[in-house]
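Before any comments, here is the structure.
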Amino acid sequence: MEAMTFDELQHLLEGTLENADEAWKVWAYQCITQLADAGEPFTADEVHLLLEPYGVNTGSDNAMGALFARARREGLITTDNQYRPSTRREAHRRMVRIWKGA
């Protein structure tokens with residue numbers, strides 16, 4: 001299997017995000033913005049928690065990663081490449097990136 005270039009990966013992520021549920025994209029990006037503005041480090045786990053009351057779901061965790069990538073490109077968030085185990089049961093304690101407002 002051949003490695004992907006950065007541009008190919010970006011294109012793949014954007015395609016995933018384009019196919020995501022529109023309501024989910026709006027609410028999830030709002031949650032990322034809210035967490036970034038709070039000034040505390042956060043992960044996708046916190047975004048999932050904030051989304052629960054709205055009942056929106058995209059059906060693909062890849063879309064969440066694509067949304068975080070977009071927020072990073074737009075200068076909303078940044079990372080020091082730190083990780084911690086996910087607290088979400090369905091994530092089975094996989095490592096998730098820690099983000100902060102830019």
Side-chain angles (χ1 to χ4, degrees):
M1 180 175 196
E2 194 173 316
M4 256 192 247
T5 67
F6 180 76
D7 288 339
E8 289 170 332
L9 179 59
Q10 283 299 121
H11 181 72
L12 183 63
L13 285 173
E14 282 302 315
T16 300
L17 195 53
E18 283 178 24
N19 294 327
D21 179 78
E22 288 299 319
W24 176 87
K25 286 190 279 191
V26 169
W27 285 108
Y29 199 83
Q30 180 60 37
C31 291
I32 292 171
T33 300
Q34 178 183 341
L35 290 164
D37 289 347
E40 296 294 322
F42 65 97
T43 70
D45 289 349
E46 285 81 15
V47 175
H48 283 286
L49 281 173
L50 289 174
L51 284 172
E52 280 180 12
Y54 301 108
V56 293
N57 191 331
T58 190
S60 170
D61 283 337
N62 292 336
M64 181 70 82
L67 197 59
F68 270 89
R70 178 179 284 176
R72 183 181 192 178
R73 276 193 319 279
E74 292 175 354
L76 178 64
I77 57 174
T78 188
T79 182
D80 294 328
N81 290 319
Q82 299 292 314
Y83 296 81
R84 67 177 175 221
S86 176
T87 57
R88 295 174 53 233
R89 181 182 186 114
E90 58 272 23
H92 304 288
R93 299 196 46 80
R94 70 176 163 75
M95 300 303 283
V96 291
R97 188 183 303 259
I98 301 171
W99 297 93
K100 61 184 177 181

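Count residues from 1 along the sequence. Note that the coordinates shown come from a computational prediction; the quantities given were computed from them, not determined experimentally.
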For [X] and [Y], work out which heavy atoms get closest and say how close.
X	Y	value
V47	C31	CG1-CB, 4.0 Å
R97	Y83	NH2-OH, 3.0 Å
P85	V96	C-CG2, 4.4 Å
T78	A102	CG2-CA, 4.2 Å
A28	L67	CB-CD2, 3.3 Å

Could you tell me if E74 and Y29 have a donor-acceptor pair between their side chains, going purely by distance under 3.5 Å? yes
Between the side chains of T43 and E46, is a donor N or O closer than 3.5 angstrom to an acceptor N or O? yes
Measuring from atom CD1 of I98 to atom CD1 of I77, what distance do you get when rounded to the nearest 0.5 angstrom? 12.5 Å
Approximate separation, where rounding is to 0.5 Å, of T87 OG1 and R93 CZ: 8.5 Å
Are more than 12 heavy atoms from other residues, nucleotides or ligands located less than 6.0 Å from atom NZ of K100? no
Hey, what's the ring geometry for W27 with Y54, parallel, tilted or perpendicular (30° and 60° as the breaks)? parallel
Charged N to carboxylate O below 4.0 Å: is that the case for R88 and E52? no
Mark yes or no for whether T79, through its side chain, and W99, through its backbone, hold a donor-acceptor pair below 3.5 Å. no
Does the side chain of F68 reach to within under 4.5 Å of the side chain of R72, using non-hydrogen atoms? no
